[in-house]
Amino acid sequence: MADGLSRDSWHEIRRQLDAPLFAAIRAAANELPVDEWPSLDALNSMAERRGLCNSYGRPIVFAPPIVNGGAMHYETLIAERGTIPTRDNRHDLFNALQWLSCPKLKSAINAGHVFLMQRDLTHGAKARSTPRDVLTMFDESGVIVVSEDTALLRMIRDFRWRELFVSRRCDVVNNMRFLLVGHGLLEKSVAPFIGLTAKAMLLAQPIDSDLDAAAANWLASSVNLASSRNLAPLPLLGIPGWDVRNEMPAFYENASYFCAGYRR
């Protein structure tokens, strides 16, 4: 099997699924066969059961990558055919689980890329635009953070980690919800490490909201995509319950992880 993947590799991932880091994709992952690396057939059966479609109404199909790259851009292929090239590795498995778990979000990312590529082509742009960079950052490393308490959200924006996670810890536990959805960061979370940092979408709304739909709506706004600073850095292992070490206030004294502001 490619990349040394095996039944044991899949078991390693499944052993982690109860951790809060994997809440977004847990239900979908638990539907897959237990004793073998998930096949395209298994992923496509789940997609069919869910009636999974892209923003253009085309059914989603996970397929082998096109040999030699092919002429059609990855995002265009998804938009026009519903086909998602899926390699036999962890990264693409988490991408598939992201589609199966957050279809509105993933469809919005795909539609946004296609629209922006067409717009940039019309205007003769030679470099990838900032809005596309924001879409990619969230796709790979996004976490949705929701609370009706805007003061708590502001603490993330202002890098006030000790105040948020120590002084207001009970409020964070009771009045905030965190959902890691970026497939690249989900892959890294199989072996979490100090430094694991997400790009946070901050939503001021009830914690029981439909976060898939809310994230899709946020990404549809050109204002939100205008700057990468609209996604706030969030050290994931500082979230209460996401790492046993953060039960001790001294954990937040690591200034290289819990930075006081942007590095540049």
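Residue numbers count from 1 along this sequence.
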Requested in this report: Write out all pairs satisfying ring-ring contact (aromatic ring centres under 6.0 Å, His included) with one or both partners inside residues 172-229, taking only residues at least two apart or from two chains.
Outcome: H91-H183

Requested in this report: Keeping the roles fixed (side chain from R245, backbone from A250), state whether a donor-acceptor pair exists under 3.5 Å.
Outcome: no

Requested in this report: Return the minimal non-hydrogen interatomic distance between S55 and S107, and the atom names on each side.
Outcome: OG-O, 3.1 Å

Query - Short side-chain to backbone donor-acceptor contact, N174 and C170, under 3.5 Å - result: yes

Query - Pairs where residues 170-193 contributes a residue and the test salt bridge (charged side-chain N to carboxylate O under 4.0 Å, His left out) is met, not counting sequence neighbours - result: R168-D171

Query raised in the report: Do D149 and S147 have a side chain donor and acceptor closer than 3.5 Å?
Result: no

**Report entry** Test item: L164 and R160 side chains (from C-beta on) under 4.5 Å apart, heavy atoms
**Finding:** no

Query raised in the report: Do Q16 and I13 come close enough that some side-chain heavy atom pair is under 4.5 Å?
Result: no

Query raised in the report: Under the 3.5 angstrom rule, does the side chain of T76 hit a backbone N or O of Y74 as a donor-acceptor pair?
Result: no

Query raised in the report: Under 4.5 Å between side-chain heavy atoms, hopping through other hydrophobics if needed: is there a path connecting V145 to V134?
Result: no

Report task. Using modelled atom types only, decide if a donor and an acceptor are shared between the side chain of S45 and the backbone of D41 within a distance under 3.5 Å. Result -> yes

Report task. For the pair V146 and M176, evaluate side-chain contact (heavy atoms from CB on, under 4.5 Å) and give the outcome as yes or no after the intermediate values. Result -> CA-CA 6 Å; V146 60; M176 298 190 87; over 6 Å; no

**Report entry** Side-chain H-bond candidate by donor/acceptor type, N217 with K104, under 3.5 Å
**Finding:** no

Query raised in the report: Within a reach of under 6.0 Å around CD of E48, are more than 12 heavy atoms found that belong to other residues, nucleotides or ligands?
Result: no

Query - Taking every non-hydrogen atom, the tightest pair across V173 and P240 - result: CG2-CB, 3.9 Å

Query raised in the report: Is the backbone of S101 close enough, under 3.5 Å, to the side chain of D212 for a donor and an acceptor to pair up by distance?
Result: no

Query - Minimal non-hydrogen separation, L152 against N175, with atom names - result: CD1-CB, 4.3 Å

**Report entry** M46 side, atom CE; L43 side, atom CG - distance, nearest 0.5 Å
**Finding:** 7.0 Å

Report summary line: Taken to the nearest 0.5 Å, the spacing of K199 NZ from L234 CG works out to 10.5 Å

Query raised in the report: Are any side-chain N or O atoms of D92 and backbone N or O atoms of T86, one a donor and one an acceptor, separated by less than 3.5 Å?
Result: no

Query - Flag, side chain of W161 to backbone of C259, donor-acceptor distance under 3.5 Å - result: yes

**Report entry** Heavy-atom side-chain contact between K106 and V181 under 4.5 Å
**Finding:** no

Query raised in the report: Donor-acceptor pair, Y257 side chain versus L196 backbone, under 3.5 Å?
Result: yes

Report task. May I ask you to decide whether R132 forms a salt bridge with D120, counting only side-chain N to carboxylate O separations under 4.0 Å? Result -> no

Requested in this report: Answer with yes or no whether the hydrophobic clustering places I156 together with V166; edges join I, L, V, M, F, W, Y residues whose side-chain heavy atoms lie under 4.5 Å apart.
Outcome: yes

Query raised in the report: To the nearest 0.5 Å, how far apart are CD1 in I25 and CG in L97?
Result: 5.0 Å

Query - W242 versus P20, closest heavy-atom pair with distance - result: NE1-CB, 3.2 Å

Query raised in the report: In terms of hydrophobic clustering (I, L, V, M, F, W, Y; side-chain heavy atoms under 4.5 Å; direct or indirect links), are L186 and I194 co-clustered?
Result: yes

Query raised in the report: How many angstroms lie between CZ in F138 and CE in M201, if you round to the nearest 0.5 Å?
Result: 3.5 Å

Requested in this report: Could you tell me whether the side chain of L135 reaches within less than 4.5 Å of the side chain of L116, counting heavy atoms only?
Outcome: yes

Query raised in the report: Do V143 and L237 belong to the same hydrophobic cluster, where Ile, Leu, Val, Met, Phe, Trp and Tyr are linked whenever their side-chain heavy atoms lie under 4.5 Å apart, directly or via other members?
Result: yes

Query raised in the report: For F159, does the CZ atom have more than 12 heavy-atom neighbours from other residues, nucleotides or ligands under 6.0 Å away?
Result: yes

Query raised in the report: Between N246 and R169, do the side chains contain an N or O donor and an N or O acceptor separated by less than 3.5 Å?
Result: yes

Report task. Specify whether Y252 and F258 have parallel, tilted or perpendicular ring planes, treating 30° as the upper limit for parallel and 60° as the lower limit for perpendicular. Result -> tilted

Report task. Drop me the distance from L203's CG to L153's CG, to the nearest 0.5 angstrom. Result -> 8.0 Å

Report task. State, yes or no, whether a side-chain contact exists between L100 and R50 at a heavy-atom distance under 4.5 Å. Result -> yes

Report task. Apply the test side-chain contact (heavy atoms from CB on, under 4.5 Å) to residues F94 and V190: give CA-CA distance (whole Å), side-chain angles for both, the deciding distance (0.1 Å), then the verdict. Result -> CA-CA 11 Å; F94 278 108; V190 174; 3.8 Å; yes

Report task. Just do the side-chain contact (heavy atoms from CB on, under 4.5 Å) check on Y262 and R229 with the steps written out, would you? Result -> CA-CA 9 Å; Y262 288 101; R229 293 287 179 94; 3.1 Å; yes

**Report entry** Derivation of the salt bridge (charged side-chain N to carboxylate O under 4.0 Å, His left out) call for R58 and E80
**Finding:** CA-CA 8 Å; R58 294 177 177 85; E80 295 188 359; over 6 Å; no

**Report entry** Spatial distance of atom CG (L21) from atom CZ (R26) [nearest 0.5 Å]
**Finding:** 9.5 Å

Query raised in the report: With a 4.5 Å limit on heavy-atom distance, are the side chains of L219 and N224 in contact?
Result: no

Query raised in the report: Applying the 4.5 Å side-chain criterion to the ILVMFWY set and letting contacts propagate, would M155 and F165 be lumped into a single cluster?
Result: yes

Query raised in the report: Is there a side-chain contact between I78 and T83, using heavy atoms and a 4.5 Å cut-off?
Result: no

Query raised in the report: Looking at Y56 and A79, what are the two nearest heavy atoms and their distance?
Result: CE1-CB, 3.4 Å

Report task. Measure the shortest side-chain to side-chain distance between V61 and N44 over non-hydrogen atoms and say whether it is less than 4.5 angstrom. Result -> yes

Requested in this report: State, to 0.1 Å, how close T130 and A226 come at their nearest heavy-atom pair, and which atoms those are.
Outcome: CG2-O, 3.4 Å

Report task. Before giving the answer on side-chain contact (heavy atoms from CB on, under 4.5 Å), spell out for R90 and W37 the whole-Å C-alpha distance, their side-chain angles and the decisive distance to 0.1 Å. Result -> CA-CA 10 Å; R90 289 188 178 194; W37 184 261; 3.8 Å; yes

**Report entry** Any donor-acceptor N/O pair, W99 side chain to L52 backbone, under 3.5 Å
**Finding:** no

Query raised in the report: Has the side chain of E148 got a donor or acceptor atom that lies under 3.5 Å from a matching backbone atom of I207?
Result: no

